[in-house]
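Notes follow the structure.
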Amino acid sequence: MDFSISISASPHQTKTPAIAIGVFSEGVLSAAADAVDRASSGAVRAVIKAEFTGRVGATLVLRSLQGVAAPRVVLVGLGKQAEYTPRAHARAEQAFAAYCVQARLTEATSTLAAIDCPTAPVRDRARAAAAACGEATYHYDASFGKPDLNARPKLKKLTLQFADAADRAAATLGLTEGGALAHGMSLARTLGNLPGNICTPTYLGEEAKALGKQFKSISVKVLDRKQIEALKMGSFLSVARGSAEQPRFIVLHYKGKPVAAKRGAKAAAGPIVLVGKGITFDSGGISIKPAATMDEMKFDMCGAASVLGTLRAVAEIGLPGEIIGLIPTCENMPSGTANKPGDVVTSMSGQTIEILNTDAEGRLILCDALTYAERFKPSAVIDIATLTGACVVALGKVNTGLFASDDALAEALLAAGKQSMDTAWRLPLDDAYQEQLKSNFADMANIGGQPGGAVTAACFLARFTKAYHWAHLDIAGTAWRGGGDKGSTGRPVPMLLQYLINQA
Ligand code: BES
Ligand code: MN
Ligand code: ZN
């Protein structure tokens, strides 16, 4: 996708295959809609009166209007003006992009981001417009025998039009960020959607290396089993041991320009570390899962995919600062060499773990990556994991579960989630829950029983994160959709990227 900005207060004169103009409900027209209405001697108002309510995301196409250069004027509903939110704007942009895709257009112009929204400045609106367009044009066909080329979206170029030249700088910045976000989400989604027999730990390692090739600002190391053994990641390796696929530990290092030191700040702060769960297939292991919907456990590497997608976006924007991505990746399979319930393993931290359920494997690979993170003296560590079914029970598919040892970090992530419309909800981490992890045979058990399953999983991770500020995102409910539109969502790349932009 290619995004650009144009400045014009005369949308009716814009030469473009299709131009989107926003219409609120109750017949309230945006400035662009009003301009097109005047140029076409009232054609817009007439059709609104007759048959367009302005419901959010509704579209109506007017072809070949007299006095209008664009052959298609697309009315896009914005809902009630008094209730106009960033989300309504995003839905409107998405609806327009979806129309352009369905009409097989290669380029189009939207005036929707020019419409004032009380809680989102121009930069945010431009970013959201690009992201919404990325969402509407995403298409997966990597594993079809004969990809249907006609089903691929043709839309390649979206221009955002603003009336006021003063908006250009902020819009350009937002558009660059939004374009990078769209590319990062697309990468994360495709990695998630790829089947487990293609998207293996080795494949993720190769994808990481490809990012390193594509962006000079990213350097990549991919450690193999021997090197992981040398690090004494006994917990991670115990999960990998059950599978014929070789594990990988991926280290990505993004270096942007140095961050301008804040006034009064002393030394440069350490890097932000993102840690992504990379289970490329989770069968449950010996504590095997039921067959129904087990295929969806190919999505158990969506945390890892979100780290790759976020770093891709960061590199495309060229954010200042230093960011590390860590990805422990392997399969969780049952076999003669797999973990057995009752086994005790020694983590890189030296703490021992009794594995009471081999299906609680995410925390077993993450704990060693979290210990590894200490060496970077990070200013913050955020892990991203499809960690627990219990989190889906608690929060459904709307909010990501957020846990944090640090209130400021939690607030920053919650705010970034709201700003990017990729929201999280904070859950507790009280010490009282730690009791559930007691083991008679090791320093801790890897499960805490059914009550508060998402919390005890986070409490397990907390035991490995004492050396730094830490947050944990449980994306079990938000990383993918099941059912008819089964597929990866690309979440929480928007939240993570927004957080990093806000920090930079
Ligand atoms: N990858 C799963 C979590 C999961 C399950 C995400 C279903 C989305 C949908 C994780 O490895 C797992 O199996 N967790 C167990 C933990 C339990 C054994 C304590 C779970 O949630 O059932
Ligand atoms: Mn599992
Ligand atoms: Zn899992």
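Everything numeric here is computed off the predicted structure, so don't read it as measured data. Just so you know, ligand 1 is whichever comes first in the structure, and atom 1 is the first atom listed for that ligand.
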[X] N/O under 3.5 Å from ligand 1 N/O:
{"X": "Gly389", "value": "yes"}
{"X": "Asn357", "value": "no"}
{"X": "Lys289", "value": "yes"}

Do the side-chain N and O atoms of [X] and [Y] include a donor-acceptor pair separated by under 3.5 angstrom?
{"X": "Thr478", "Y": "Thr400", "answer": "yes"}
{"X": "Lys397", "Y": "Asn399", "answer": "no"}
{"X": "Ser347", "Y": "Ser235", "answer": "no"}
{"X": "Gln351", "Y": "Ser349", "answer": "yes"}
{"X": "Tyr203", "Y": "Thr280", "answer": "no"}
{"X": "Gln419", "Y": "Asn502", "answer": "yes"}
{"X": "Gln498", "Y": "Ser420", "answer": "no"}

Identify, for [atom], the protein heavy atom at the shortest distance, and state residue, atom and that distance.
{"atom": "atom 6 (C) of ligand 1", "result": "Ala476 CB, 3.6 Å"}
{"atom": "atom 1 (N) of ligand 1", "result": "Asp300 OD1, 2.9 Å"}
{"atom": "atom 7 (C) of ligand 1", "result": "Met297 CE, 3.6 Å"}
{"atom": "atom 14 (N) of ligand 1", "result": "Leu387 O, 3.4 Å"}
{"atom": "atom 2 (C) of ligand 1", "result": "Asp282 OD2, 3.5 Å"}
{"atom": "atom 12 (C) of ligand 1", "result": "Asp359 O, 3.2 Å"}
{"atom": "atom 16 (C) of ligand 1", "result": "Arg363 NH2, 3.8 Å"}

Test log, rule salt bridge (charged side-chain N to carboxylate O under 4.0 Å, His left out), inputs Asp383 and Lys277: CA-CA 8 Å; Asp383 78 71; Lys277 172 178 172 181; over 6 Å; no
- prompt: Could any protein non-hydrogen atom be found less than 4.0 Å from atom 22 (O) of ligand 1?
  reply: no
- prompt: Under 6.0 Å between the ring centres of Tyr254 and Phe215?
  reply: no
Among the N/O/S atoms of [X], which is closest to the Zn ion (ligand 3)? Give the atom name.
{"X": "Asp282", "result": "OD2"}
{"X": "Glu361", "result": "OE2"}
{"X": "Asp300", "result": "OD2"}

- prompt: Around the Mn ion (ligand 2), how many protein N/O/S atoms fall inside 2.8 Å?
  reply: 4
- request: Taking the six-membered ring of Tyr140 (Phe, Tyr or Trp), confirm whether the NZ or CZ of Arg189 is under 6.0 Å from its centre and within 45° of its axis.
  value: no
message: Do Lys298 and Trp480 form a cation-pi contact, if we require the NZ or CZ to be under 6.0 Å from the six-membered ring centre and within 45 degrees of the ring's axis?
response: no
Can you list the atoms of ligand 1 that are under 4.0 Å from a heavy atom of [X]?
{"X": "Ile447", "answer": "19 (C)"}
{"X": "Thr386", "answer": "1 (N), 2 (C), 3 (C)"}
{"X": "Glu361", "answer": "11 (O)"}
{"X": "Lys277", "answer": "1 (N), 10 (C), 11 (O)"}

query: Can you tell me if an N/O/S atom from Ala360 lies under 2.8 Å from the Zn ion (ligand 3)?
result: no
query: With a 4.0 Å cut-off on heavy atoms, does Trp480 reach ligand 1?
result: yes
field: Option among Ile327, Leu326, Val220 that satisfies the side-chain contact (heavy atoms from CB on, under 4.5 Å) test with Val251
entry: Leu326
message: Working note: Arg225 + Glu229, criterion salt bridge (charged side-chain N to carboxylate O under 4.0 Å, His left out); need CA distance, chi angles, decisive distance, verdict.
response: CA-CA 6 Å; Arg225 187 189 295 268; Glu229 279 167 1; 5.1 Å; no
task: Using the six-membered ring wherever Trp is involved, compare the ring planes of Phe460 and Phe464 and label them parallel, tilted or perpendicular (cut-offs 30° and 60°).
output: tilted
